[in-house]
Peer 1: 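Here it is, the structure, as structure tokens.
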Amino acid sequence: MQTWKWPLLAVGACTVFGQPAFAGERFDRNLGTELSEDSSTASVLAASLDGFLSEVASGTFSEDYVDPNHHTRYEFFFENIPDGTSRRDDVEFNLPSVLKSYTFDEKSYYLTISFSGTRGGKPSIFKVMEFKAVPYRDHYRFYCLFDERTSDFKQTTIGDVTYHYRNEFDPEKAATFVEFKDHFTTATKTTPLDLDYYNFTSLDEMLKSYGILFDATKCNFLCNDLGITDDECRLFVTGMNREDYSRDFLHGHLYYRLADTDKMYRAFREGMAIYYGGSWGGVSLDQMKDRFRAEMQAHPETDFLEMFRAGRGSSVQRHFSFYFICGLFFEEILRTHDFDTAMPLLYSGSDGEEFFANLEEALEVDESNFHETVVRLIGG
């Protein structure tokens, strides 16, 4: 799936995730939580959960614990189960802790699990997730709850897009998205696919539908710009309460439908998404042009080439400059040339090592006239 494996944080204790607290178990039980009132069922659940968490830690899932088709459909969910690793050196994980386990039919069970640890020596909870355990052969498989949590959604189909929603539905915005999807599919020379579009009213509602009850890296602060493309670009889920949210669908389409994604330059991909999707962090390309002009007026020494080369180290009012500058170049290429002319810039290498050569080929812009060109494109 696309690039939505969120950063993992963690909490230290006397053990690290993946090291059993006692023989045979890779999880803890909050206040001695029982997995089932039936002791034999509890034993099978415990062994199944241990096997499942072992596969989470290894990063590979077998058919024993996860239905392969379900994993493909909801890869986002499975990829975001903390695996006990972190990009930060000051992070350490506790064992996952089972907070509760319950059943409605004495067959399937719902398990709520907390992933905690320490960051910088301070205890924290990083994720709380709910899983459904379903009997399979002599043990249990584990499922995402999305299907159950959205079973009451209404449906409307426009073209090859089926919208799923609980509240109001705007057919005009939906038609705009379907038109964009058709355009982008044609522009990228890919085969059309049917799409299920789930529209949630908030990010919190969207995550809870997956069974992600709390995520410290998202739930506390993210209000804008999140869409999940899953099921190899046949499923799109957003908490933006919009039927025309194309920004993150574009990312997913590029990831799933185009080759050599490892050679794509993220900054230019973000620029394309800003142009088509209308914003990044809630700020549109036209609004950023205004902010760039204001930045130049306040700081006449501003150099857009230096700003671009600084990457994530340069921002204007907390928005990364180089993403928007790429959006300006993409807009100019579409105005003066065509979509195909922009593709080499997308494939400028993961670190943009070929970006300037491709930019010169497309727009006759190099380091010598980079700043002046950006000034012209923002109307400065």
Side-chain angles (χ1 to χ4, degrees), residues 1 17 20-21 24-83 95-116 125 127-155 164 166 196 198 200 204-215 219 228 230-231 234-235 237:
M1 62 164 289
F17 181 73
E25 289 193 355
R26 296 174 180 268
F27 60 92
D28 201 353
R29 302 160 187 258
N30 184 55
L31 299 178
T33 298
E34 293 289 346
L35 297 182
S36 172
E37 292 182 357
D38 178 76
S39 59
S40 61
T41 300
S43 178
V44 175
L45 268 172
S48 300
L49 181 58
D50 178 68
F52 174 66
L53 291 175
S54 176
E55 294 191 349
V56 169
S58 70
T60 58
F61 294 98
S62 71
E63 294 188 16
D64 286 337
Y65 299 109
V66 178
D67 181 315
N69 293 327
H70 187 76
H71 179 271
T72 298
R73 178 72 171 172
Y74 300 116
E75 187 179 2
F76 164 76
F77 173 78
F78 290 98
E79 287 294 311
N80 277 281
I81 305 171
D83 61 4
L95 292 172
S97 181
V98 179
L99 304 183
K100 66 179 179 179
S101 173
Y102 62 98
T103 180
F104 293 114
D105 57 10
E106 305 301 328
K107 295 180 181 178
S108 298
Y109 282 78
Y110 297 82
L111 305 178
T112 303
I113 300 177
S114 171
F115 298 88
S116 63
I125 295 173
K127 284 190 183 180
V128 179
M129 303 179 72
E130 190 172 12
F131 303 83
K132 185 176 183 179
V134 179
Y136 177 72
R137 296 177 179 170
D138 60 350
H139 59 284
Y140 286 84
R141 274 178 166 176
F142 294 85
Y143 288 78
C144 171
L145 291 165
F146 192 88
D147 290 337
E148 288 188 29
R149 298 289 159 81
T150 59
S151 62
D152 63 331
F153 275 38
K154 295 170 281 190
Q155 295 184 17
H164 304 257
R166 188 174 275 134
D196 286 308
Y198 282 81
F200 292 90
D204 188 59
E205 181 192 20
M206 185 196 88
L207 292 176
K208 285 179 178 177
S209 291
Y210 272 97
I212 302 174
L213 306 183
F214 174 78
D215 187 312
C219 295
I228 304 303
D230 223 334
D231 196 15
R234 293 177 176 84
L235 172 66
V237 182

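Keep in mind the model is a prediction, meaning the values are calculated, not measured.
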Peer 1: Answer yes if the side chains of Asp196 and His164 hold a donor-acceptor pair under 3.5 Å, and no otherwise.
Peer 2: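 Yes, because at least one side-chain N or O of Asp196 sits under 3.5 Å from a partner of the opposite role on His164.
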Peer 1: In this structure, is the centre-to-centre distance between the rings of Phe78 and Phe61 below 6.0 Å?
Peer 2: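 So the answer is yes for these two rings.
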Peer 1: Which salt bridge (Lys or Arg N to Asp or Glu O under 4.0 Å) pairs, counting each pair once, include a residue from residues 142-154, with sequence neighbours left out?
Peer 2: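 Residue pairs passing salt bridge (Lys or Arg N to Asp or Glu O under 4.0 Å), neighbours aside: Glu130-Arg149, Lys132-Glu148, Asp152-Arg166.
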Peer 1: Is it the case that the side chain of Asp230 and the backbone of Leu235 share a donor-acceptor pair, with hydrogens and angles ignored and the cut-off at 3.5 Å?
Peer 2: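 No.
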Peer 1: State the OH-OG1 distance between Tyr102 and Thr112, to the nearest 0.5 angstrom.
Peer 2: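 Going from the OH atom of Tyr102 to the OG1 atom of Thr112 covers 6.0 Å.
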Peer 1: I need the minimum non-hydrogen distance between Lys127 and Asp215, along with the two atoms involved.
Peer 2: CE-OD2, 2.6 Å
Peer 1: When the side chains of residues 38-48 are checked against the rest of the protein, which donor-acceptor pairs come out under 3.5 Å, sequence neighbours left out?
Peer 2:
unit_1, atom_1, unit_2, atom_2, d
Asp38, OD2, Ser40, N, 3.4
Asp38, OD2, Ser40, OG, 2.6
Asp38, OD2, Thr41, N, 2.8
Asp38, OD2, Thr41, OG1, 2.8
Ser48, OG, Val44, O, 2.9
Ser48, OG, Tyr140, N, 3.0

Peer 1: Can you tell me how far apart SG (Cys144) and CE (Met129) are? Round to the nearest 0.5 Å.
Peer 2: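 Atom-to-atom, Cys144:SG and Met129:CE are 8.0 Å apart.
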Peer 1: Please check: side-chain N/O of Asp83 versus main-chain N/O of Val56, any donor-acceptor pairing under 3.5 Å?
Peer 2: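 It does not hold such a pair.
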Peer 1: Would you say the side-chain atoms of Ser114 pair up with the backbone N or O of Val128, donor to acceptor, closer than 3.5 Å?
Peer 2: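 Not at all, since once roles are kept as given, no pair shorter than 3.5 Å links the two residues.
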Peer 1: Among Tyr198, Phe76, Phe131, which residue meets the ring pair (Phe, Tyr, Trp, His ring centres under 6.0 Å) test with Tyr210?
Peer 2: Phe76
Peer 1: Which heavy atom in Val237 sits nearest to a heavy atom in Met206, and how many Å separate them?
Peer 2: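 Answer, listing the atom of Val237 first, then Met206: CG1-CG, 3.4 Å.
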Peer 1: Starting at OG1 of Thr103, measure out to CG of Leu35 and round the result to the nearest 0.5 Å.
Peer 2: 12.0 Å
Peer 1: Test Leu49 against Tyr109 for side chain to side chain contact (heavy atoms under 4.5 Å, CB included), laying out the working first.
Peer 2: CA-CA 11 Å; Leu49 181 58; Tyr109 282 78; over 6 Å; no
Peer 1: Is the closest side-chain heavy-atom distance between Lys100 and Tyr110 below 4.5 Å?
Peer 2: no
Peer 1: Quick one: pull up CD1 in Ile113 and CZ in Arg29 and give me the separation to the nearest 0.5 Å.
Peer 2: 11.0 Å
Peer 1: A quick test of your reading: do over 12 heavy atoms of other residues, nucleotides or ligands sit less than 6.0 Å from CD of Glu37?
Peer 2: no
Peer 1: Let me confirm one number: the OH-CZ distance from Tyr136 to Phe142, rounded to the nearest 0.5 Å.
Peer 2: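 Nearest 0.5 Å value for the OH-CZ distance: 14.0 Å.
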Peer 1: Hey, would you say the Phe77 and Tyr143 ring centroids sit under 6.0 Å apart?
Peer 2: no
Peer 1: Looking at His71 versus Tyr74, is the centre-to-centre ring distance below 6.0 Å?
Peer 2: no
Peer 1: For Asp105 and Ser108, indicate whether the former's side chain and the latter's backbone hold a donor-acceptor pair under 3.5 Å.
Peer 2: yes
Peer 1: How far does CZ of Phe27 sit from CG of Leu53, to the nearest 0.5 angstrom?
Peer 2: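 Those atoms lie 7.5 Å apart.
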Peer 1: Give the C-alpha distance, both sets of side-chain angles, the deciding distance and a yes or no for side chain to side chain contact (heavy atoms under 4.5 Å, CB included) between Asn30 and Val98.
Peer 2: CA-CA 6 Å; Asn30 184 55; Val98 179; over 6 Å; no
